[in-house]
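Notes follow once the structure below has been shown.
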Amino acid sequence: MQITPLSQHSQAAALAYLRLWPYRNALPLSNITQLRAHCTVAVAESGGRVVGVASSYHDLPIANLTFAADDRATAVALVHALADMRPELRGAEAYALLPEDRYTQLAHCATILGAEPEYQMAVEPETLRPRTDHPVRRLGPQDAPALDGLAADAGLSVWHAGALALGPAFGCEMDGRLVAMAATHFATPDIVEIGHVATHPAYRGRGLASACTTALVRAAFGLAPRVFLMVLEHNRPALAAYRALGFHAVETFQLTRFTLRG
């Protein structure tokens, strides 16, 4: 087995490998396509075919990785090779968002400090139950200051105005201010992840974020055939709101804190 940085030569084969499971591989897919310039990516090949892909996204405030691999041995080798390429992954707490089987693979080369179930929830054009009782408008770069303020008020820890360049964003305004938002984590030809959904604390419980999410879902289906978002298991109000919109759980992931061993 050979593990090398992603190259022009290996990108097409890595993309074909990840596209076999577009939902569970959504994060690695984004990291070798739309977010490629912001990622370190390692590709494992054996017998002339790709057997695994691992990546780390640079623009988060915490060290992180994600991967897909044929088996445990490949996963362990990939994770260590990625850490050699990105030393921030060694000697410090890092995060990974992984399906259950990959969480188990990670445990063979890392000390797990904590894990929290997070549901990957998808919606289809046929299952969407739109919320349209509030006026919503598409947001652009001119709205960045208002988005920054709303994200701070709502406690969004990973919001960054650069998300406006990654896909559509929509917002609701009341009393002359932006009070709810929904934006795009990434948008690839295969799949779109909705994120940065928030409402100002003083305006919650009115369905404003659901209206923003409805508009974003409709726009996202113009970009890709699959649309999803992630919701932590303990966030019962959000789970109920997304189910009311027609989202359903596709798979359970583990949001994992860990330190690498070896």
Side-chain angles (χ1 to χ4, degrees), residues 1-60 62-90 92 94-110 120 162-163 165-167 184-193 195 223-228 230 250-251 253-254 256 258 260-262:
M1 181 172 64
Q2 285 187 319
I3 300 178
T4 57
L6 182 70
S7 65
Q8 257 188 329
H9 172 75
S10 61
Q11 186 168 22
L15 186 58
Y17 175 78
L18 294 173
R19 278 177 167 161
L20 294 172
W21 308 278
Y23 274 112
R24 67 192 339 243
N25 288 342
L27 294 180
L29 274 168
S30 72
N31 287 352
I32 72 166
T33 53
Q34 187 183 48
L35 304 179
R36 174 69 188 96
H38 305 271
C39 296
T40 298
V41 183
V43 179
E45 296 178 89
S46 179
R49 68 181 187 89
V50 171
V51 294
V53 179
S55 58
S56 178
Y57 181 53
H58 303 165
D59 292 352
L60 290 178
I62 50 177
N64 64 89
L65 63 81
T66 188
F67 65 85
D70 276 8
D71 52 46
R72 184 182 76 189
T74 302
V76 170
L78 260 174
V79 167
H80 281 301
L82 182 67
D84 290 341
M85 298 176 193
R86 188 156 169 75
E88 295 91 331
L89 291 169
R90 293 197 186 276
Y95 281 74
L97 182 60
L98 300 168
E100 296 279 358
D101 58 332
R102 296 176 192 172
Y103 166 79
T104 301
Q105 291 172 339
L106 179 66
H108 286 277
C109 61
Q120 185 182 45
L166 300 178
T184 308
H185 274 160
F186 58 78
T188 75
D190 299 278
I191 195 161
V192 175
E193 183 184 4
L223 301 173
R226 304 171 189 87
V227 177
F228 79 99
M230 303 297 299
V250 176
E251 189 165 4
F253 282 59
Q254 293 292 331
T256 308
F258 67 93
L260 284 180
R261 298 193 303 267

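Applying the ring-ring contact (aromatic ring centres under 6.0 Å, His included) definition to pairs two or more places apart or across chains, none involves residues 38-59.
Looking at Y17 and V53, their side chains come closer than 4.5 Å, going by heavy atoms from C-beta outward. Between T4 and H9, the closest side-chain pair of non-hydrogen atoms is not below 4.5 Å. Under the 4.5 Å side-chain criterion, counting only non-hydrogen atoms from C-beta, L82 is not in contact with V79.
Considering every non-hydrogen atom in both I3 and A42, the closest pair reads CG2-CB, 4.0 Å. Considering all non-hydrogen atoms of both residues, Q105 and A69 come closest at NE2-O, 4.2 Å. Between P225 and P189 the shortest heavy-atom distance is CD-O, 3.4 Å. Here the closest heavy-atom approach between residue P5 and residue S10 is recorded as O-OG, 4.3 Å. Of all the heavy atoms in A224 and T188, the pair that sits closest is CB-O, 3.4 Å. Nearest approach of A26 to Q120, heavy atoms of both residues: CB-NE2, 4.4 Å.
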Evaluate the criterion side chain to side chain contact (heavy atoms under 4.5 Å, CB included) for residue pair L27 and M230; output intermediate values, then yes/no. CA-CA 11 Å; L27 294 180; M230 303 297 299; over 6 Å; no

Full working for side chain to side chain contact (heavy atoms under 4.5 Å, CB included) between F228 and V250: CA-CA 9 Å; F228 79 99; V250 176; over 6 Å; no

Apply side chain to side chain contact (heavy atoms under 4.5 Å, CB included) to residues F186 and N31 and explain how you reach the verdict. CA-CA 9 Å; F186 58 78; N31 287 352; over 6 Å; no

Steps toward side chain to side chain contact (heavy atoms under 4.5 Å, CB included) verdict (S30, E193): CA-CA 9 Å; S30 72; E193 183 184 4; over 6 Å; no

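Summarising the geometry, atom CG belonging to L98 is positioned 5.0 Å from atom CZ belonging to F67; distances are rounded to the nearest 0.5 Å. The distance from atom CG of L20 to atom CG of N25, rounded to the nearest 0.5 Å, is 8.0 Å. Rounding to the nearest 0.5 angstrom, the gap separating the CG atom in D190 from the OG1 atom in T33 is 7.5 Å. The distance from the CG atom of L223 to the CD1 atom of I191 is 12.5 Å, given to the nearest 0.5 Å.
The backbone N or O of P99 lies less than 3.5 Å from no partner atom in the side chain of E251, so there is not a single donor-acceptor pair. A donor-acceptor pair under 3.5 Å is formed between the side chain of Q11 and the backbone N or O of I32. In terms of modelled atom types and a separation under 3.5 Å, the side chain of R261 and the main chain of A107 share a donor-acceptor contact. Between the side chain of R90 and the backbone N or O of G262 there is at least one donor-acceptor pair closer than 3.5 Å. S56 contributes a side-chain N or O that, together with a main-chain N or O of N64, makes up a donor-acceptor pair within less than 3.5 Å. In this structure a side-chain-to-backbone donor-acceptor pair under 3.5 Å is present from Q34 to L166.
Considering only residues two or more places apart in sequence or on other chains, R226 meets the salt bridge (charged side-chain N to carboxylate O under 4.0 Å, His left out) condition with none of them.
Looking at T104 and D101, their side chains never bring a donor and an acceptor atom within 3.5 Å of each other.
In summary, of the residues considered (R86, M85, R36), a side-chain contact (heavy atoms from CB on, under 4.5 Å) with V41 occurs for R36 alone.
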